Number of protein chains: 2
Amino acid sequence: MNNSRFAISVHILTLLAGANGELLSSEYIAGSININPVLVRKELINLKKHGFVASKEGKNGGVYLNKSAANIRFSDVYNAVKQSSLLGEAKNEPNPLCPIGRQIKTHLNNLYTDAENAMVGQLSTTTLQNFLNQFD
Amino acid sequence: MNNSRFAISVHILTLLAGANGELLSSEYIAGSININPVLVRKELINLKKHGFVASKEGKNGGVYLNKSAANIRFSDVYNAVKQSSLLGEAKNEPNPLCPIGRQIKTHLNNLYTDAENAMVGQLSTTTLQNFLNQFD
DNA sequence: CATTACTGTAATTTTTATTGTTACAGTACA
DNA sequence: TGTACTGTAACAATAAAAATTACAGTAATG
C-alpha cells in the first residue's frame with residue numbers, strides 16, 4: 001500500500017457504520033478525515049464498486065452503508081483497496097544475465113504472497129462492527 | 001513499505017549469500033539489480049548497521065555476508081528495512097471534534113500492529129538460506 | 001609513491017506518485 | 001427553478017523516490 005487509501009476507506013466506513021443508516025455527505029466525511037472532499041468521493045467510487053456503500057444523488061443525498069458492519073471484514077476492505085504489492089515492488093528489471101537477477105522476481109513474489117496471506121488472515125478476524133465497538 | 005528497499009535488500013543479500021564469501025562490488029550488485037550503484041551503497045549502510053554485511057574498502061574491496069545465511073530470517077530483514085507503517089499512514093490529522101476522527105488513529109494503529117505482526121511471523125519462517133536454495 | 005579500483009557520502013536533479021484544487025455536468029428535492 | 005448534493009475530468013501542487021554527479025578516503029599493487 002503506497003498511500004493512505006486503506007486508512008481513508010476505514011475512516012469512511014467507520015463513520016457510516018456509526019451513522020445508523022443516516023446519509024452522510026462527502027463534505028461531512030472529508031471534514032472528519034480532514035482531506036479534500038473530492039478524494040472522499042473518489043474513494044467512495046471504489047467502495048461502491050465493492051458493494052460496501054451506496055449513495056443517493058441530488059439534494060439531501062449522501063452515502064450510506066450498504067452491508068451490515070458485522071459482515072464487513074477488514075480483509076475485505078484491504079482487498080478492495082489494495083493495488084500494489086505489500087512489501088513494495090522494485091521498479092527495476094533485474095539483469096537477466098545474472099543467475100540471481102533472472103529468477104529473483106519469481107521467488108520474491110512467492111515470498112510476498114505468503115506474507116500478504118498471513119496479514120490478510122489476521123485482518124479477516126476483525127469486522128467493521130468490532131472496530132466500531134472500540135469507540136467510546 | 002513505500003519503496004523497493006525491501007526487495008533491494010533481499011536482492012543484495014541473496015547475491016552475497018550465493019557468492020560464498022567472495023567480495024562483490026557495489027557496481028556488480030547494481031548491475032544485477034539494475035539500479036544505480038549509489039542506491040546500493042546507501043542500502044548497504046543500513047545492512048551493515050544491522051550486521052548482515054561487512055565491507056572492505058580500497059582496491060579489490062567490496063562487500064560480503066557477515067552472518068551465515070541460515071541465521072538471517074526474512075523478518076530480520078524486514079525489521080531492518082521498515083520505516084513506515086505497513087498499511088500506509090494517512091498524512092492528515094483527523095478532526096478532533098468528530099467522535100470517530102478523534103479516536104481513529106489509536107484504533108487503526110492497533111489494527112496495523114496486529115496485521116504487521118502476523119506478516120512478520122510469516123516472514124520469520126524463511127531464512128536467506130532457504131530462499132537461496134530455491135534458485136537453480 | 002603514484003595509479004588504480006574500490007567504498008563512503010553529500011548535494012543536487014530528475015522522475016514518479018500522491019494529494020489537492022477547480023470546474024462543471026447530472027440528479028433530486030422543495 | 002434554486003439549492004444541495006454526487007460524479008468526474010482535468011489539472012496543479014507537493015512530496016517521495018530514484019538517479020546522477022562529484023569527490024574524499026582507503027588499500028592493493030606495480
Side-chain angles (χ1 to χ4, degrees), chain A residues 1-9 11-12 15-16 19 22-31 33-50 52-66 81-85 87-94, chain B residues 1-9 11-12 15-16 19 22-49 52-66 81-85 87-94:
Chain A
M1 199 88 37
N2 303 340
N3 47 27
S4 48
R5 285 187 55 210
F6 180 77
I8 290 172
S9 283
H11 197 136
I12 293 172
L15 285 170
L16 293 176
E22 205 185 316
L23 300 199
L24 301 183
S25 73
S26 61
E27 196 82 30
Y28 173 84
I29 295 172
I33 307 181
N34 195 19
I35 57 171
N36 193 286
V38 177
L39 272 189
V40 172
R41 300 209 274 265
K42 279 180 186 163
E43 203 52 44
L44 285 171
I45 292 172
N46 185 53
L47 292 174
K48 282 175 70 171
K49 196 174 79 188
H50 287 86
F52 297 120
V53 307
S55 58
K56 182 164 171 278
E57 289 195 357
K59 194 174 176 183
N60 301 334
V63 207
Y64 56 95
L65 210 57
N66 195 33
V81 154
K82 86 153 174 194
Q83 20 171 27
S84 67
S85 169
L87 289 165
E89 231 129 276
K91 279 99 193 167
N92 56 85
E93 196 50 54
Chain B
M1 199 87 39
N2 302 339
N3 46 27
S4 49
R5 284 187 53 211
F6 180 77
I8 290 172
S9 284
H11 198 136
I12 294 173
L15 285 171
L16 294 176
E22 206 185 314
L23 299 199
L24 300 184
S25 73
S26 60
E27 196 82 31
Y28 174 82
I29 295 171
S32 168
I33 306 180
N34 195 19
I35 58 170
N36 193 285
V38 176
L39 269 191
V40 172
R41 300 209 275 265
K42 278 181 184 159
E43 205 50 45
L44 285 170
I45 292 172
N46 186 52
L47 292 174
K48 281 175 70 171
K49 196 174 82 189
F52 298 120
V53 307
S55 58
K56 181 163 171 279
E57 288 195 357
K59 194 174 177 182
N60 302 334
V63 207
Y64 55 96
L65 210 58
N66 195 33
V81 154
K82 85 153 174 192
Q83 19 170 27
S84 68
S85 169
L87 289 166
E89 231 131 276
K91 278 100 195 168
N92 56 85
E93 196 51 56

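In the text below, chain A, chain B and the rest are named by the order of the sequence lines, each starting its count at 1. Bear in mind that the values here come from a model prediction, so they are computed numbers and not experimental data.
A/S4 places no side-chain N or O within donor-acceptor distance of the main-chain N or O of A/A7, the cut-off being under 3.5 Å.
Taking atom CG of B/L23 as the reference point, atom P of C/dC6 lies 11 Å away to the nearest angstrom. Between A/L24 atom CG and D/dA4 atom C1' there is a gap of 15 Å when expressed in whole angstrom units. Rounded to whole Å, atom P of C/dT18 lies 12 Å from atom NZ of A/K42. Whole-Å rounding puts the B/E43 CD to D/dA18 P distance at 10 Å. One atom, CZ of A/R41, and another, P of C/dC24, lie 15 Å apart when rounded to the nearest Å. D/dA12 atom P lies 16 Å from atom CG of A/N36, rounded to whole Å. We find that OH of A/Y28 is positioned 14 Å from P of D/dT6, with the value rounded to whole Å. For the pair B/I35 CD1 and D/dT20 P, the interatomic distance rounds to 11 Å; values are reported in whole Å.
In this structure the side chain of B/V40 never reaches within 4.5 angstrom of the side chain of B/N36, judged on heavy atoms. For the pair B/I33 and A/P94, the minimum side-chain heavy-atom distance is 4.5 Å or more. Inter-residue side-chain proximity for B/L23 and B/N60 is flagged as unmet; no heavy-atom pair is nearer than 4.5 Å.
Taking side-chain N and O atoms only, B/S26 has a distance below 4.0 Å to OP1 or OP2 of C/dT7. Proximity of B/K48 to the phosphate of C/dG8: a side-chain N or O atom is located under 4.0 Å from OP1 or OP2.
Closest to the side chain of B/S4, out of C/dG20, D/dA18, C/dT7, is D/dA18. When distances run from any side-chain atom of B/V38 to the nucleotides D/dT21, D/dG7, D/dA19, the shortest one goes to D/dT21. For A/L39, taking side-chain heavy atoms from C-beta onward, the closest of the listed nucleotides C/dT9, D/dA19, C/dG20 is C/dG20.
For the contact set between residues 53-63 of chain A and DNA chain C, defined by any heavy atom under 4.0 Å, the members are A/K56, A/E57, A/G58, A/K59, A/N60.
Summarising the geometry of B/N66 relative to B/V53, their closest heavy-atom pair is CB-C, 3.6 Å, with the distance given to 0.1 Å. Looking at every heavy atom in both residues, A/S9 comes nearest to A/V81 through OG-CG2, 3.4 Å. Across all non-hydrogen atoms, the minimal contact from A/K48 to A/A54 is CG-CA, 4.4 Å.
Among the atoms of the strands shown, only primed sugar atoms or phosphate atoms (P, OP1, OP2) are found under 4.0 Å from some heavy atom of A/I45.
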